There are 2 protein chains.
Amino acid sequence: MVTRAESAALTRRALLDAAADLLDLGGPEAVTLREVGARAGVTRGAPYRHFTGKDSLLTAVATESWERIADQVRALRTDPARSASDKLRGALRTLIGVGRDQPHLYQMLFRRHGHRPEDLGEGLDRVRRQLCGPAGDPAADRVRAAARFQDEFLAVVADLVGERNARHYGALLLTSAHGIADMELSGHLGTDALRATPDELVDTLVRMVTDVGGTP
Amino acid sequence: MVTRAESAALTRRALLDAAADLLDLGGPEAVTLREVGARAGVTRGAPYRHFTGKDSLLTAVATESWERIADQVRALRTDPARSASDKLRGALRTLIGVGRDQPHLYQMLFRRHGHRPEDLGEGLDRVRRQLCGPAGDPAADRVRAAARFQDEFLAVVADLVGERNARHYGALLLTSAHGIADMELSGHLGTDALRATPDELVDTLVRMVTDVGGTP
DNA sequence: GGGTCTCAGATGACGTTGTCATCTTGGTTA
DNA sequence: TAACCAAGATGACAACGTCATCTGAGACCC
């Protein structure tokens, strides 16, 4: 026998997986609540029992991805076999790799936060679910997950340039990495004018920070 | 009296303006062909006489924006009163400024290129319009406009680090600038971990490239 | 100048989608 | 066992992108 809670958790998982699959295949517009439901073995309205709507579902997918990325960077950071600069290179390549391998998911990671007021709705049970449910605000969850990644990344940077300068260089390195990934997947890199590859750029970044060393 | 060509050009302009306005206000989802038509004084189907569809219209808006940005950088580049590093700072800030002031438009500038095959359609007059029309492929137009901006930007970089290194550093600077702009507008900058401001990051970038000078 | 052509725009229609209110049903609990 | 509750099913609705078709006025040729 299957308890109701277990069944619900299973459905939620299936919904997230289906949404992630469809997102990979055809981008956000391909993520149809009807198709998501069908793949999860439920009907179109069922997702509303687990998420406030389509946005909320996609945000949850992004949250899980951020958590996965944060875990990867953590594993990489605590690997004793790697040098500090190797770890930094690896962390940068991890993020850029998501952009290359899962471009649609990647764009979800960097979507505008925050609910517009009209997103809140006023159905009674929806309000209650938002207040009491374990999920909480999906947008806030994603911010939290992204922040965990940023912390891990910052720790990697600190190993290389010291705690003092980590904040400043961390921001520079992370924004640069995102720019590389996003311009690569949007086709703005590798044009006639910008013929550099992501790997070249990452190498230059790491070298610059290593050379300049501790003086920001 | 108004010739037909003039009237059509006027409508096309009104459609582009209306789309740009709606994009600014509420993002791509707020750009409804019906509302665009209404603001331009025509009906929902009229835009299809000037663009192949909604995507094409938004792409055209992005194209015009790229051209405007390219013009701005060109004006800045040919300003004799500025130093080379000042010009670079200005060019970087120009791009980031668009991200800050018109976030929705900015995201349109960096959208995935390329038509999916099913976008082509097979209506006879549509095919003819695509083949013979002066507009050509809207996606290709945007690529061209973006490339013009990249060329202008590269010229600015070349003034500072020389022709030889311009390609490499240009790619690094441009991707970084985009990363700064995009993470700023998506709320990933200015968090606890990443407290840097765009201006600080731009200054560091320019200083790094200036210091390292000619050796890539 | 009259007839024909051409194309910008209007109109009606269709399928799809997100969202909601309502209903059903089977696990849960007193 | 009976009341209860929430997960899910179902019907419905408005909005949207898109298309085929129709209309009318400027453009063009004789």
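Keep in mind that what you see is a predicted model, and the values were worked out from it rather than measured.
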* Structure fact -> Taking D/dT18, C/dG9, C/dT19 as options, the one with an atom nearest any side-chain atom of B/Val42 is C/dG9

* Asked: Are A/His50 and A/Thr11 linked by a side-chain donor-acceptor pair shorter than 3.5 Å?
  -> no

* Structure fact -> Walking DNA chain D from its 5' end, the first of B/Glu29 and B/Ala5 to be reached, judged by nearest nucleotide, is B/Glu29

* Asked: Of the candidate nucleotides C/dA10, C/dT17, D/dC16, which contains the atom at the shortest distance from the side chain of B/Thr43?
  -> C/dA10

* Spell out yes or no: do the side chain of B/Arg44 and the base of D/dG17 have one donor N/O and one acceptor N/O closer than 3.5 Å? => no

* What's the spacing between B/Phe149 CZ and B/Glu67 CD if we round to 0.5 Å? -> 13.5 Å

* Structure fact -> Separation of C/dT22 atom P from A/Arg49 atom CZ, nearest Å, is 13 Å

* To do: Compute whether any side-chain donor of one residue and acceptor of the other, for B/Asp182 and A/His178, lie under 3.5 angstrom apart.
  => yes

* **Phosphate contact (D/dG26 OP1 or OP2) by B/Thr3 side-chain N/O below 4.0 Å** => no

* Pick base, sugar-phosphate or nothing for B/Val31, based on heavy-atom distances below 4.0 Å to the nucleic acid. => sugar-phosphate

* Asked: So which nucleotide from C/dA10, D/dG17, D/dA12 ends up closest to the side chain of A/Arg34?
  -> D/dA12

* **Side chain of B/Thr11 - closest among D/dA7, D/dT18, C/dG9** => C/dG9

* Asked: Over how many whole Å does the gap from B/Tyr48 atom OH to D/dC22 atom C1' extend?
  -> 18 Å

* Under 4.0 Å: is that the gap between some side-chain N or O of A/His50 and OP1 or OP2 of D/dA6? -> no

* How close or far is atom C1' of C/dG9 from atom CZ of B/Phe51, stated in whole angstroms? -> 15 Å

* **A/Leu33 side chain, from C-beta outward: closest of C/dA8, D/dG17, C/dT19** => C/dT19

* To do: With heavy atoms under 4.0 Å as the rule, sort B/Gly53 into base, sugar-phosphate or nothing.
  => sugar-phosphate

* Measure the spacing between CZ of A/Arg68 and OG1 of A/Thr63 and express it to the nearest 0.5 Å. => 11.0 Å

* Asked: Between D/dG8 atom P and A/Leu10 atom CG, what is the distance in whole Å?
  -> 10 Å

